[in-house]
Structures are given as structure tokens and as C-alpha cells.
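Right, one structure below, let's go through it.
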Amino acid sequence: MSPALTPKDHTVPSIEDHILVGDLQTSCLMDRTGNMSWLCLPTFESPSVFANLLGTEEHGAWQIAPQDQDAVPERRYLGESLIAETLWTLPHGVARVVDFMPPRPAGAPGQPQLIRIVEGVRGRLRMISRMRLRFSYGQVVPRRDRLEQAFGATRGRAVAGPDAVWLDSAVETTDHEDGTTTADFTIREGERVAFALTWQESHLPPPPCPQPDQALDNTHAFWADWVGRCTYTGPHRDAVIRSLITLKALTYAPTGGIVAAPTTSLPETPGGERNWDYRYTWLRDSAITLSSFLRTGYREEASAWRDWLLRAAAGDPERLQIMYSITGRRELTEGVLDLPGYEGARPVRIGNAAAHQQQLDVYGEVIETLHLAHESGLDHDDDAYQLQVDLLTYLEQHWQDKDKGIWEVRGPSRHFVHSKVMAWVAVDRMIQHAESRGDTAPLRRWRGLRTAIHEEVCERGYDPQRNTFTQSYGSTELDASLLLIPQVGFLPPTDKRVIGTIEAVQRELSTEHGLLLRYPTAGAERGVDGLAGDEGAFLACSFWLAEALAMIGRGGKARELFDRLLTLRNDVGLLAEEYDPVRRRQLGNFPQAFSHFALIGAALHLLSPIASSSREDALALETVLPTVGASGPALAGRAQ
């Protein structure tokens with residue numbers, strides 16, 4: 001048997017206990033005990049080699065830590081990078097473990113590689129590396145080989161079918177009958193011991209031996225250069241930069257696709273069934289991510305994503321999906337894995353059946369982002385413009401259809417108000433684009449369509465008795481996506497209906513701790529999504545509320561909420577999808593792009609002059625400013 005390495009009073013690490021490292025093609029999660037518990041190779045959507053996160057050590061894990069279980073860990077990112085550092089402290093010694101994946105930008109040679117460097121800081125510590133590789137989500141035990149000497153010590157290989165993983169170690173390793181590979185060593189002040197895990201197709205010759213120190217220098221340089229291009233200088237810059245780095249880490253460099261999160265099936269409620277695979281490219285999420293990049297100085301990512309979009313849409317935009325694989329593949333068949341699940345939450349899903357849902361809001365988000373890219377100076381692309389025209393042509397015929405909405409509900413389709421608003425956005429941005437360029441376009445028809453959508457939403461999606469827009473036509477329920485009405489320019493923030501909607505959403509969807517739910521779940525009996533159980537507060541929606549409050553002049557309340565939301569990040573600045581304010585835990589897939597681009601959007605809006613006004617000024621503003629009529633989309637303009 002291999003030696004045990006289990007922290008005292010061990011429990012399953014919380015979702016927020018993890019830190020992310022990645023190489024722009026895949027990523028790895030490590031908990032506070034130095035245990036790598038989730039890693040898919042060679043890409044985000046590949047089967048895992050470490051799936052401890054959704055099971056046990058038997059499903060794959062790699063821990064490096066002191067053998068003394070009383071060691072106290074302290075971790076951080078090294079500067080503005082994706083390089084993780086854990087400092088282990090005991091009375092007789094201190095050791096540092098540096099974990100990173102050298103970036104693999106588009107077209108760069110090399111295989112995915114996870115490097116772990118152990119350094120002696122003071123005194124001496126006995127350390128142990130304990131790795132258990134399991135391929136195909138923990139289901140396949142690889143064959144292990146001991147091969148040639150590497151950089152100073154040992155080289156081993158684990159093979160299963162088309163996959164091979166190479167472990168290079170600067171100290172001697174031992175293979176055990178239970179499939180574990182360990183290294184027992186002492187680290188002294190000034191010493192460095194490196195480990196490198198490299199994936200490669202199994203039929204190829206051995207990969208080159210790693211150069212850990214050079215790889216570390218290159219990784220530092222990559223992130224310093226990338227962060228150096230950021231133009232954001234506003235409040236909470238450290239939080240914005242960390243969110244931007246996280247979004248960049250979720251980008252698949254070879255194609256420009258962006259995953260919603262690097263994980264699958266982390267539950268939205270403890271032990272529940274709301275467990276989804278987020279390792280794909282949602283058009284909505286990636287479009288809004290690109291908006292965050294464009295507004296902070298990053299245009300290269302927008303160009304790459306536009307190219308990805310054109311390939312994914314191909315020549316058939318009428319069959320546009322809401323999500324694709326990172327390479328643009330359409331078929332994302334949903335299945336269930338035989339894994340215990342995070343804290344027993346099952347099913348554990350791979351693939352996503354929502355790929356073929358009708359979600360009309362996506363057309364607005366895509367057209368809005370392509371328009372913003374053009375306004376930000378991205379070169380005009382005839383194919384991209386034609387795609388926008390084709391998408392709008394489809395919307396002309398289908399904007400009055402029911403759909404599944406922004407939250408891709410698995411209950412009945414409805415006339416979701418947010419979907420109709422985003423259809424209006426699609427038409428409005430195309431009109432603006434054509435007017436600014438002087439393009440030949442059916443502007444009269446488009447303007448008529450824009451007015452028709454606006455009038456219908458204001459008539460059928462608005463409850464005058466309560467002075468609020470509603471989740472869907474004829475519904476009395478609210479939805480946090482209604483907070484986006486002023487952000488997208490459908491109505492100005494001074495409109496009484498906007499103010500009433502923001503107040504109603506805050507009043508009816510807030511938890512007792514002041515965070516927002518997406519919509520009422522109310523169990524299986526009344527739930528709009530057709531699923532049993534409840535879910536946590538949705539972090540992006542809470543950031544939207546801060547942004548909305550800033551837009552209607554309640555800057556003090558906006559900043560107060562924003563500051564509170566920042567305290568919900570984990571110790572290294574990362575956010576999952578949701579938050580449980582009772583258990584004080586993050587929930588859902590992690591880290592979540594939606595949460596991080598919502599943080600960036602809220603920070604940007606806190607820069608606006610109105611966000612600095614007092615509550616008294618804002619109340620006075622609401623009293624004297626007139627309400628814009630239902631025929632006013634052209635007057636409303638854009639919120640940004």
C-alpha cells in the first residue's frame with residue numbers, strides 16, 4: 001500500500017477552496033491541501049485524468065504537501081498571473097510549492113503540461129508527492145512504465161488507449177500496486193525539487209524533458225505582457241484584473257472559443273440535481289466575455305472569437321445553436337457518468353442537452369458584441385456583417401415565438417421578456433451599424449420592427465398595477481434579467497418603469513442577506529424551470545443589481561452591494577456561479593465566467609458620474625425627470 005496523506009479532520013473541500021491554474025487550452029483545480037482534484041487533458045472538454053472533485057482519490061488526484069499534517073498552508077497568485085503559490089509553515093521549517101501550466105497560445109508548439117516546483121524557504125520539511133492517475137473520468141486505470149532518466153531523476157509514463165501522461169520528477173518516485181505513484185523527500189532551505197506532468201498522444205515518441213525554471217520564467221512573462229495591455233484604471237482594479245485573467249484562462253487559444261466554466265456538475269444546490277456541464281462555448285456567455293475584454297483594451301480576443309463564431313455558424317445561421325464545443329462542434333450529447341458526485345450531488349453530467357434549445361436572446365447578445373467590436377476599432381469583416389444580417393432576418397420571422405430564455409429552462413417555453421428585449425437590441429444595433437457606415441440596408445423596415453418589438457414588450461410584458469416588467473407575458477413572477485433593460489438601452493434609467501422594476505426585483509428576489517435569486521424556483525410545483533429543489537443566490541444577478549442601482553443614481557447603495565459581493569470571492573479572488581448565504585458557501589461550476597464578467601461590468605458602471613450621486617439626489621432625480629413613452633426606443637439610445 002502507498003503511504004497515506006490526509007489532512008486532519010478531513011472533509012470534502014468546499015467549491016471555493018480551489019485555485020485555478022491553466023494554459024489557455026485546459027485548466028486544473030487545486031484545493032487548500034495541495035491536492036489537484038480536477039484536470040482534463042488535453043483540452044477543457046476532454047475526459048479527466050483527475051476527477052477527485054466529483055468522486056474520491058480513486059478517481060484521480062495529485063497532492064504535494066508536508067507529511068506533517070499540522071502544517072499550515074497559505075496561498076496566493078504570484079502577482080497578476082495564473083501562477084499559484086502555497087506556503088507551508090511548521091515550527092521547524094517553511095516550504096513553498098509553485099503550481100502552474102505554461103500557456104499554450106494559438107499555434108504554439110508543445111503539449112499540455114502541469115509543473116509543480118517545491119522550494120525550501122527555511123529549515124527543513126519532509127514532503128510527499130502522491131499521484132493517482134485515472135483516465136476517462138476515473139473509470140480507466142492506465143498501464144505504467146518506468147523509462148529513461150529525466151532532468152536529474154526519474155521519468156514514468158501512464159498509458160490508456162490514445163492517451164499517455166508522462167511524469168518527470170527531480171526525486172526518485174515509487175509505483176505502488178494500488179496505482180499510486182509517490183515521492184518521499186526532504187526539502188531544505190535553498191533547495192528546489194520539480195515535478196512535471198505532460199500529456200501526449202500515446203503513439204508518439206516521448207516528449208522532450210521539461211525545463212521547469214525556464215517554463216516558469218516564460219509563464220511570468222506571458223501574464224505580465226497580457227495584463228500590461230489592460231486599459232482599466234478605475235475602482236477595485238485588483239478585482240477587475242483578477243476577473244480578466246480568469247476569463248482569459250477560460251479561453252481556448254487555438255480557436256478563440258470561451259468556456260462558461262472549466263468544470264462539470266458542481267451542484268447549484270447541495271445534493272441536488274441542478275448539475276450541468278459548463279465546459280462549452282455559450283454564445284451568450286462568450287459574447288458578454290468579449291464585451292468585457294473590449295471595454296478594457298483587449299481586441300485580439302474579440303477578433304479570434306469572431307472567427308470562431310463564423311466557423312461555428314457555418315452557412316446555416318437559421319440553425320444557430322446557443323452553444324458549441326470549443327472547436328465549433330455542434331453535437332453535445334448529454335450523458336451521465338458513474339461518479340459519486342460532489343458531496344453526493346447527482347447526476348454527474350457530460351454534454352449538455354440545452355444546446356438545441358431556442359433562446360432568442362442569444363441573437364441580441366451576438367449582434368451587440370459584433371457591433372461593439374466594430375465600434376472598438378476591430379477591422380470590418382464582410383462575412384461577420386452578413387452573419388448579422390442573416391441573424392436579424394431570422395429574428396424578423398421568429399421574434400414572436402416562445403423560447404427557453406436566458407436561463408435555458410427545462411420547463412415549458414414562454415414569451416420571456418428578456419428574450420424580447422434582446423431581440424429589440426439586435427434590431428437596434430443593426431440600425432446603428434448601418435447608419436454609422438452608410439450601408440445599404442432596409443432601414444425603414446428595421447425601424448418598424450424595432451418599434452413593434454418595443455411596443456409589444458411594454459404592453460404585454462409590463463404590469464402597470466405593480467409598476468414592473470415581468471418574467472414573461474402574462475406572468476406575475478419577476479426575473480433578475482429584467483435588470484438589464486436600462487443597461488442595453490431599451491429604456492433609459494430615468495424611466496419610472498425601469499425604477500419600479502429595479503425596486504420590485506430587489507424587493508421580491510432578494511434573499512434575507514441582500515443577494516439576488518435569478519427567479520422564484522418554489523420547488524417542482526411552481527418552478528418555471530421544471531426542476532425540483534431550489535438554488536443559491538445567483539452572483540451575476542447580484543452584480544447586475546449593483547450596476548442597476550448605480551444607473552438610477554443610488555451610488556451609495558450600489559457601492560455598498562458591490563463591496564459586499566467582493567467579500568464573497570475566495571481568498572484568491574475567484575467566484576463560482578452561485579452563493580449559499582446560509583451556509584456561506586459558493587455553489588455551481590467554478591470559476592464561472594458569468595460571475596466574473598458581471599463583476600467587471602458593475603465596476604465599469606461605478607465609474608459613471610451618476611453612480612457618485614447621493615441617495616437624496618437620486619430621489620430628487622426620480623421625482624423631476626419625465627417618463628419616456630412606449631414609442632421611445634430611438635430616444636432611449638444605448639445605456640453604455
Side-chain angles (χ1 to χ4, degrees), residues 6-20 29-33 35 37-38 52-56 73 75 239 246 260-276 278 339-349 407 480 505-506 508-524 526-527 529 531-546 560-596 598-599:
T6 306
K8 281 195 308 185
D9 303 321
H10 175 72
T11 58
V12 176
S14 298
I15 290 171
E16 66 269 20
D17 277 342
H18 294 86
I19 190 170
L20 177 81
L29 291 181
M30 179 180 71
D31 65 31
R32 293 179 188 273
T33 71
N35 186 47
S37 61
W38 181 253
N52 188 180
L53 185 65
L54 298 176
T56 69
R75 64 183 185 172
T246 303
T263 55
T264 179
S265 299
L266 292 180
E268 296 176 13
T269 185
E273 66 171 302
R274 298 168 184 263
N275 317 316
W276 315 108
Y278 275 14
L339 284 171
Y342 178 81
E343 293 189 344
R346 303 184 74 178
V348 174
R349 294 181 170 96
W407 309 124
V505 167
Q506 184 176 25
E508 297 187 25
L509 293 183
S510 287
T511 70
E512 60 179 302
H513 304 83
L515 305 179
L516 278 194
L517 303 173
R518 293 187 292 180
Y519 49 83
T521 52
R526 295 176 55 220
D529 54 24
L531 297 168
D534 296 319
E535 62 183 24
F538 206 77
L539 290 169
C541 298
S542 301
F543 281 113
W544 290 347
L545 177 59
E560 179 183 331
L561 176 57
F562 185 81
D563 290 343
R564 191 189 327 156
L565 288 168
L566 289 187
T567 68
L568 304 184
R569 298 176 301 154
N570 73 357
D571 56 315
V572 292
L574 301 181
L575 289 168
E577 184 175 31
E578 299 177 11
Y579 188 78
D580 182 340
V582 176
R583 297 179 179 87
R584 298 184 179 181
R585 293 182 55 183
Q586 295 191 29
L587 296 171
N589 285 303
F590 177 90
Q592 174 69 227
F594 221 103
S595 299
H596 284 281
L599 183 157

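Remember, predicted model here, so these are calculated numbers, not experimental data.
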Note to self: Contact between Leu266 and Leu53 at the side-chain level, heavy atoms closer than 4.5 Å - yes or no?
What the structure shows: yes
Margin query: Angle between ring planes, Tyr519 versus Trp407, binned at 30° and 60°: parallel, tilted or perpendicular?
Written below: tilted
Notebook entry, point to check: Can you check side-chain contact (heavy atoms from CB on, under 4.5 Å) on Arg584 and Tyr579, steps first, answer last?
Noted result: CA-CA 7 Å; Arg584 298 184 179 181; Tyr579 188 78; 3.4 Å; yes
Next item on the list: Identify whether the distance between the nearest side-chain nitrogen and carboxylate oxygen of Arg32 and Asp17 falls below 4.0 Å.
Entry: yes
Margin query: Let me confirm one number: the CZ-CG distance from Phe562 to Leu599, rounded to the nearest 0.5 Å.
Written below: 4.5 Å
Checklist line | Verdict with reasoning, Asp571 to Ile19, per side-chain contact (heavy atoms from CB on, under 4.5 Å) | finding: CA-CA 9 Å; Asp571 56 315; Ile19 190 170; over 6 Å; no
Margin query: With rounding to the nearest 0.5 angstrom, report the CG to CG distance, Leu515 to Leu545.
Written below: 9.5 Å
Checklist line | Minimum-distance pair of heavy atoms, taken over all atoms of Ser542 and Leu561 | finding: O-CD2, 3.5 Å
Next item on the list: In sequence, state the C-alpha distance, the side-chain angles, and the governing distance for Glu578 and Arg274, and then conclude on salt bridge (Lys or Arg N to Asp or Glu O under 4.0 Å).
Entry: CA-CA 12 Å; Glu578 299 177 11; Arg274 298 168 184 263; over 6 Å; no
Margin query: Counting only heavy atoms from other residues, nucleotides and ligands, does the tally under 6.0 Å from CZ of Arg583 exceed 12?
Written below: no
Checklist line | Minimum-distance pair of heavy atoms, taken over all atoms of Val348 and Gly341 | finding: CG2-CA, 3.5 Å
Margin query: Give me the atom names and distance for the closest heavy-atom approach of Gly272 to Ala345.
Written below: O-CB, 3.7 Å
Notebook entry, point to check: Any donor and acceptor pair, going by atom type alone, linking the side chain of Tyr342 with main-chain N or O of Ile15 inside 3.5 Å?
Noted result: yes
Check: How far apart are the closest heavy atoms of Arg585 and Glu16, and which atoms are they?
Finding: CA-OE2, 3.5 Å
Note to self: Between the side chains of Glu268 and Arg518, is the shortest nitrogen-to-carboxylate-oxygen separation below 4.0 Å, so that they form an ion pair?
What the structure shows: yes
Item checked: Derivation and outcome, side-chain contact (heavy atoms from CB on, under 4.5 Å), residues Thr264 and Leu54 -> CA-CA 9 Å; Thr264 179; Leu54 298 176; 3.9 Å; yes
Next item on the list: Please check if the side chain of Thr263 supplies one atom and the backbone of Phe590 the other of a donor-acceptor pair under 3.5 Å.
Entry: yes
Next item on the list: Answer yes or no: is there a donor N or O on one side and an acceptor on the other, between the side chain of Ser595 and the main chain of Ala576, under 3.5 Å?
Entry: yes
Check: Is a side-chain donor-acceptor pair under 3.5 Å present for Thr33 with Asp31?
Finding: yes
Item checked: Inter-residue atom distance Leu574.CG - His18.NE2, 0.5 Å rounding -> 11.5 Å
Next item on the list: Could you walk me through whether Leu575 and Phe543 pass the side-chain contact (heavy atoms from CB on, under 4.5 Å) test, one step at a time?
Entry: CA-CA 12 Å; Leu575 289 168; Phe543 281 113; 3.8 Å; yes
Check: Considering all heavy atoms of both residues, which atom of Leu20 and which atom of Pro591 are nearest to each other, and what is their separation?
Finding: CD2-CG, 3.9 Å
Check: Rounded to the nearest 0.5 Å, how far apart are CG of Asn275 and CZ of Arg346?
Finding: 10.5 Å
Notebook entry, point to check: Rounded to the nearest 0.5 Å, how far apart are CG of Asn52 and CG of Leu339?
Noted result: 10.5 Å
Notebook entry, point to check: Which atom names give the shortest non-hydrogen contact between Pro520 and Leu509, and what distance separates them?
Noted result: CD-CD2, 3.8 Å
Notebook entry, point to check: From Gln586 CD over to Arg569 CZ, what is the distance, rounded to the nearest 0.5 angstrom?
Noted result: 10.5 Å
